Amino acid sequence: MSIDGTISIRINGEHRRVRQGLTLAELASELGFVPEKVAVERNLEVVPRSTLADVCVEDGDELEIVHFVGGGDHPAAGSGGDVAAMADDSWTVAGRRFRSRLIVGTGKYKSFEQNAAALAASGAEIVTVAVRRVNVSDPKAPMLTDHIDPKKITYLPNTAGCFTGEEAIRTLRLAREAGGWDLVKLEVLGEARTLYPDMVETLRATEILAKEGFKPMVYCVDDPIAAKRLEDAGAVAIMPLGAPIGSGLGIQNRVTIRLIVEGTKLPVLVDAGVGTASEAAQAMELGCTGVLMNTAIAEAKDPVLMAAAMKAGVEAGRMAYRAGRMGKRMYADPSSPLAGLI
């Protein structure tokens, strides 16, 4: 709670500050809704409507407030139903729901301020963070948490720079001790030149971490068989590379990425290789759940503008995937009818 008597919560994906002691019924009323006509989910648990006036909002709560609207499973063409539904096009990983399908990194920026500005422009709700030693010589040095609030943005600790399963497991154990995180990003690299994943070590580390209660989102090769092995080992998300980390080469093998999407029930996020917004859109058009990137934004001439472009690219690709592209044809097909031609 802040000194002004307010608390921070998230309502339908948006951060808000509300007064302490507010009940869910009062909150709904202040938002302009009739409590008896809405349903409220609090921290992934549905709150019985009869108790809305008795349950108080607490600091850090994540709320979903919904009501019924007319429509069916498939809105009529031209109705705008799918476009409107994009606002509710959330996804889940390890039981946690997110709206943004773009995950961004926190490395290579010129400053923490630039990083925070780019994050805001991207609309991302998750950032990857590396686990590193604290600066004992200067404990007052600025830290990432001073600029990106882990209470508002989900931190995803990763094992960047780890070349053995043991290093990765140790790093994530420390991350959990430091921040209580169990949703993590696992990457075990095979060599420094290509930064390709070592899948033998990756699989072994995935199994161990899953048994210890971690929920690993796993960086891997673009191989549908390897993806299936990771799913069986306890991964909560599959994150195949589109191209080598930091290369900006774009998605090099769309076929295998598509096969991974079709072959797993887990979220699939392209991790590494995307260089510009059109490539982010391509990943989404393949049916991927989302895209993770760092260098493409951080090393752009204008990182903040590129972050906004990546947000638009991911959203456009997702909409195109949901809309369903037209079939490809060998020959032309006129857009205008030929009947009645003068």
Side-chain angles (χ1 to χ4, degrees), residues 1-73 75 80-104 116 119-120 122-127 145 147-157 176 179-184 213 215 217 236-237 267 289-290 311 314-315 318 322:
M1 184 185 71
S2 65
I3 58 175
D4 62 355
T6 63
I7 57 176
S8 175
I9 64 173
R10 181 183 290 183
I11 306 174
N12 293 357
E14 296 183 3
H15 294 285
R16 288 175 178 257
R17 297 202 70 85
V18 299
R19 59 184 172 84
Q20 186 186 29
L22 194 68
T23 68
L24 291 174
E26 292 170 335
L27 175 62
S29 297
E30 290 189 5
L31 292 172
F33 299 107
V34 178
E36 293 78 16
K37 294 183 178 180
V38 299
V40 180
E41 179 190 73
R42 178 186 180 216
N43 302 326
L44 301 182
E45 293 288 339
V46 175
V47 180
R49 192 174 297 170
S50 60
T51 67
L52 292 181
D54 303 318
V55 179
C56 291
V57 180
E58 296 182 2
D59 192 45
D61 272 353
E62 298 211 12
L63 306 176
E64 292 287 340
I65 302 178
V66 302
H67 66 154
F68 293 106
V69 297
D73 290 338
D82 281 339
V83 175
M86 286 301 295
D88 298 321
D89 186 33
S90 60
W91 65 285
T92 59
V93 58
R96 306 183 191 187
R97 182 179 293 111
F98 300 96
R99 293 185 179 278
S100 173
R101 293 174 179 269
L102 176 60
I103 299 176
V104 298
L119 170 62
S122 75
E125 299 170 283
I126 306 175
V127 295
T145 52
H147 301 270
I148 299 176
D149 188 349
K151 293 182 179 179
K152 297 180 179 179
I153 301 296
T154 296
Y155 275 35
L156 186 66
R176 182 161 64 180
W181 293 295
D182 57 2
L183 181 63
V184 296
K215 298 174 176 60
M217 301 173 67
V236 298
T289 307
K311 175 184 179 182
V314 168
E315 291 174 350
R318 174 64 179 170
R322 293 184 65 187

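Remember, it's a predicted structure, so these values are computed and weren't measured experimentally.
The minimum heavy-atom distance between I103 and I126, with the atom names listed, is CG2-O, 3.6 Å. I153 and A124 get closest at one heavy-atom pair: CD1-O, 3.9 Å. Between P267 and T289, the shortest heavy-atom distance links the atoms CA-OG1, 3.3 Å. Across all their heavy atoms, E58 and I9 have their closest contact at O-CG2, 3.5 Å. Minimum interatomic distance between G123 and S100 (heavy atoms only, all atoms of both residues): O-CB, 3.2 Å. In terms of heavy-atom proximity, G21 sits nearest to C56 at O-SG, 3.7 Å.
Between W91 and F98, the ring planes are tilted. Angles from 30° to 60° get that label.
Side-chain contact between L24 and L63: present, with at least one pair of heavy atoms (C-beta onward) separated by less than 4.5 Å. Inter-residue side-chain proximity for L27 and R16 is flagged as unmet; no heavy-atom pair is nearer than 4.5 Å. The side-chain heavy atoms of L52 and T23, taken from C-beta on, include no pair separated by under 4.5 Å.
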Open item on the list: For a side-chain contact (heavy atoms from CB on, under 4.5 Å) check, start with the C-alpha distance between K215 and L183, then their side-chain angles and the critical distance, and finish with the verdict.
Closed with: CA-CA 5 Å; K215 298 174 176 60; L183 181 63; 4.2 Å; yes
TODO: Would you check, one step at a time, whether the test side-chain contact (heavy atoms from CB on, under 4.5 Å) holds for R176 with V184?
DONE: CA-CA 9 Å; R176 182 161 64 180; V184 296; over 6 Å; no
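With hydrogens and angles ignored, the 3.5 Å screen pairs no side-chain donor or acceptor of T51 with any backbone N or O of D54. Looking only at distances, no side-chain donor or acceptor of H147 sits under 3.5 Å from a matching main-chain atom of A116. Looking at D59, its side chain does come within 3.5 Å of a backbone N or O of S8 through a donor-acceptor pair. A distance-only check finds a donor-acceptor pair linking the side chain of D149 to the backbone of K151 [under 3.5 Å].
Look at R96 and E62 and you find no salt bridge, because none of the NZ, NE, NH1 or NH2 atoms lies under 4.0 Å from a carboxylate O.
Atom CD of E315 and atom CG of D89 lie 10.0 Å apart (nearest 0.5 Å). Between L119 atom CG and L102 atom CG the span is 9.5 Å, to the nearest 0.5 Å.
Partners of L44 under the side-chain contact (heavy atoms from CB on, under 4.5 Å) rule, at least two apart in sequence or in another chain, are E41, R97. Contacts of E30 classified as side-chain hydrogen bond (donor to acceptor under 3.5 Å, both in side chains), with partners at least two apart in sequence or in another chain: R19.
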